[in-house]
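All values below were derived from every heavy atom in this structure, side-chain atoms included, with hydrogens, water molecules and symmetry-related copies excluded. Predicted model, so just to flag it, every value in this text is computed and none were measured.
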Amino acid sequence: MRIDKICKTCGFDSNGVCGMYTTCKEGEECDDWEASLEYYTEITKKAPWYIKKPYDQCKISYEKFLDLLQQDEQGVGVEINIYDAIEKVYELNSVELAGVLDVYMGVLGYASTQRTIPKRKRQFSSRLHIPESFFDEFLSTQLDALKKCREEFRDCYGDELIEKFKQNGYAAMEAKIEKQNAVDKIKNEKYREENQNRYQYKEKTKMYHDLSDDYKSRDYVIAITLK
C-alpha cells in the first residue's frame with residue numbers, strides 16, 4: 001500500500017494551502033508530512049492484515065507502522081508471525097489449529113509467543129506441509145508459498161478429516177475447562193472447611209455505650225434575650 005505524503009493527505013493542509021511552508025507544491029512529497037485524520041483512518045483501515053494486526057494490538061508504533069507500509073509497497077518482505085500467517089491462510093482459529101497440530105493450547109501459545117523448539121518444528125512442518133525454515137523466519141513475500149502449502153495440506157487430509165481435527169481442538173479445550181472447574185471446586189470446598197470457624201462467632205458480640213460521651217459531645221445553646 002502506497003503512502004502519499006502530499007499536501008492533499010496532510011494534516012497541515014488548509015484548502016490546498018500548506019500550513020507549514022509557502023514553497024510547498026501540490027503533489028510533492030514533504031519530509032514534515034503528517035497524515036490528516038481522514039487519511040489516517042483510510043490507511044489504518046486498508047493496511048495489509050499482517051501490518052494492521054500488530055498495530056491494532058499496540059505491538060508496533062505508528063512510525064513503525066508507516067515504515068512497514070513503505071517497506072511493503074517497495075516489495076521488501078515484512079516479517080510475520082508464522083502462526084498468525086497459518087491461521088489467516090489456512091482459515092483456522094487458535095483452538096482449531098491446536099486440534100490440527102494435535103497439541104494443547106499451552107504448547108501452541110508458547111510456540112507462537114516464544115519459540116518453536118526443534119521437536120515441534122518437525123511435527124508442525126509434517127502436519128501442515130510447511131518447510132521447517134518458515135518457523136525460524138517468515139516474510140510477507142512468502143505468503144504465496146504458504147498458500148501452496150495449504151493446498152497440499154487439504155489434498156492430503158481432505159475436508160472431512162480436517163474438520164475432525166478442528167473438533168478435536170474444541171473437545172480438548174472443553175475437557176481442560178471441565179478439569180480445571182473440578183479442581184477449583186475441590187479447592188473451594190477445602191478452603192471453606194479450613195476457614196469456616198474464622199467467620200463464625202459462638203456468641204453475639206456485646207456492645208457497650210459510654211454515657212459520658214453524651215455529655216462530652218452535648219451541644220450547648222446560648223439564649224440571647226433582646227431587650
Side-chain angles (χ1 to χ4, degrees), residues 1-2 43-180:
M1 176 181 179
R2 176 178 173 77
I43 60 178
T44 52
K45 182 178 180 181
K46 294 182 178 180
W49 67 267
Y50 45 86
I51 299 177
K52 176 178 172 59
K53 182 175 181 178
Y55 180 67
D56 289 343
Q57 295 177 341
C58 300
K59 293 182 178 179
I60 59 173
S61 65
Y62 176 60
E63 290 73 18
K64 182 66 174 179
F65 170 77
L66 293 179
D67 288 342
L68 291 178
L69 286 178
Q70 184 75 15
Q71 180 178 326
D72 187 66
E73 194 274 332
Q74 294 173 349
V76 179
V78 174
E79 187 170 358
I80 307 175
N81 184 307
I82 181 58
Y83 295 94
D84 289 339
I86 292 170
E87 289 183 18
K88 183 71 174 181
V89 174
Y90 282 62
E91 298 178 334
L92 302 167
N93 60 41
S94 57
V95 176
E96 294 170 343
L97 179 56
V100 168
L101 297 175
D102 193 25
V103 295
Y104 290 113
M105 285 291 296
V107 173
L108 180 61
Y110 179 86
S112 62
T113 58
Q114 303 298 322
R115 68 185 184 92
T116 308
I117 62 176
K119 172 186 174 181
R120 297 303 181 187
K121 287 180 185 178
R122 293 190 295 271
Q123 177 186 351
F124 298 170
S125 172
S126 175
R127 180 58 70 95
L128 296 170
H129 293 251
I130 293 175
E132 288 188 29
S133 60
F134 281 14
F135 294 97
D136 296 321
E137 182 183 51
F138 185 78
L139 303 176
S140 58
T141 49
Q142 296 172 298
L143 283 170
D144 287 339
L146 187 62
K147 291 177 181 178
K148 293 181 180 179
C149 295
R150 176 197 62 190
E151 297 307 316
E152 291 181 13
F153 166 77
R154 289 179 174 177
D155 291 341
C156 177
Y157 295 106
D159 293 339
E160 185 175 345
L161 187 54
I162 291 174
E163 185 62 30
K164 184 178 179 180
F165 289 155
K166 291 160 65 175
Q167 293 306 315
N168 287 343
Y170 288 111
M173 182 182 67
E174 292 173 1
K176 184 176 182 179
I177 292 174
E178 290 178 1
K179 182 178 179 181
Q180 187 61 50

(message) When you compare the side chains of Ser94 and Tyr83, does any donor N or O come within less than 3.5 Å of an acceptor on the partner?
(response) no
(message) Do Ser133 and Ser125 make a side-chain contact, defined as non-hydrogen atoms from C-beta onward lying under 4.5 Å apart?
(response) no
(message) Salt bridge or not between Glu91 and Lys166? Use side-chain N to carboxylate O under 4.0 Å.
(response) no
(message) What's the separation between atom CD in Gln74 and atom CZ in Arg2, rounded to the nearest 0.5 Å?
(response) 9.5 Å
(request) Keeping the roles fixed (side chain from Gln71, backbone from Gly77), state whether a donor-acceptor pair exists under 3.5 Å. (result) yes
(message) Quick one, Tyr50 and Asn81 - any side-chain contact, counting heavy atoms below 4.5 Å?
(response) no
(request) To the nearest 0.5 angstrom, please state how far the CZ atom of Phe65 sits from the OG1 atom of Thr44. (result) 6.0 Å
(request) Kindly indicate whether the side chain of Arg127, heavy atoms from C-beta on, has any atom under 4.5 Å from the side chain of Tyr157. (result) yes
(message) Return the NZ to NZ distance between Lys64 and Lys59, rounded to the nearest 0.5 Å.
(response) 14.5 Å
(message) Rounded to the nearest 0.5 Å, what separates atom CD1 in Ile51 from atom CD1 in Ile43?
(response) 10.5 Å
(request) Kindly give the heavy-atom pair with the smallest separation between Ala111 and Thr116, and that separation in Å. (result) O-OG1, 3.7 Å
(request) Starting at CG of Asp102, measure out to CG of Leu108 and round the result to the nearest 0.5 Å. (result) 12.0 Å
(message) Can you confirm whether Gln123 sits close enough to Val103 that some side-chain heavy atom of one is under 4.5 Å from a side-chain heavy atom of the other?
(response) yes
(message) In the structure I gave you, are the side-chain heavy atoms of Glu73 and Met1 within less than 4.5 Å of one another anywhere?
(response) no
(message) Within the 4.5 Å heavy-atom criterion, are Gln142 and Phe134 side-chain neighbours or not?
(response) yes
(message) Could you check whether Glu96 and Tyr90, counting side-chain N and O atoms only, form a donor-acceptor pair closer than 3.5 Å?
(response) no
(message) Test salt bridge (Lys or Arg N to Asp or Glu O under 4.0 Å) on Lys148 and Glu151; report intermediate values, then the result.
(response) CA-CA 5 Å; Lys148 293 181 180 179; Glu151 297 307 316; over 6 Å; no
(request) Could you walk me through whether Gln180 and Lys176 pass the side chain to side chain contact (heavy atoms under 4.5 Å, CB included) test, one step at a time? (result) CA-CA 6 Å; Gln180 187 61 50; Lys176 184 176 182 179; 5.6 Å; no
(message) Less than 4.5 Å apart, side chain to side chain, heavy atoms only: is that true for Ile86 and Leu97?
(response) yes
(request) Using a cut-off of 6.0 Å, state whether more than 12 heavy atoms not belonging to Tyr62 lie near its atom OH. (result) yes
(message) Does the Lys NZ or Arg CZ of Arg115 fall within the cation-pi geometry relative to Phe135 - under 6.0 Å from the ring centre and within 45° of the axis?
(response) no
(message) To check you understand the geometry: which heavy-atom pair defines the closest contact between Arg120 and Val107, and what is its length?
(response) NE-CG1, 3.6 Å
(message) Whether Lys53 and Asp84 form a salt bridge (side-chain N of Lys/Arg under 4.0 Å from carboxylate O of Asp/Glu) is what I want to check.
(response) yes
(message) Please give me the minimum heavy-atom distance between Asp72 and Ser140, naming the atom from each residue.
(response) OD1-OG, 3.8 Å
(message) The test is side chain to side chain contact (heavy atoms under 4.5 Å, CB included); show your working for Val100 and Leu92 and say whether it passes.
(response) CA-CA 9 Å; Val100 168; Leu92 302 167; 4.1 Å; yes
(request) Please answer whether the main-chain N or O of Arg122 pairs with a side-chain N or O of Ser126 as donor and acceptor at a distance below 3.5 Å. (result) no
(request) Could you tell me which non-hydrogen atom of Thr141 sits nearest to which non-hydrogen atom of Gly75, and how far apart they are? (result) CG2-O, 3.9 Å
(message) Distance check, rounded to the nearest 0.5 Å: Leu146 atom CG versus Ile82 atom CD1?
(response) 5.5 Å
(message) Surrounding CG of Asp155 (heavy atoms of other residues, nucleotides or ligands, distance under 6.0 Å), is the total greater than 12?
(response) yes
(message) Taking the side chain as everything from C-beta on, heavy atoms only, tell me whether Phe138 gets closer than 4.5 Å to Val78.
(response) no
(request) Specify the closest pair of heavy atoms between Lys52 and Ala47, including all atoms of both residues, with the distance to one decimal. (result) CB-O, 4.0 Å
(request) Evaluate whether atom CD of Gln57 has more than 12 neighbouring non-hydrogen atoms of other residues, nucleotides or ligands under 6.0 angstrom away. (result) yes
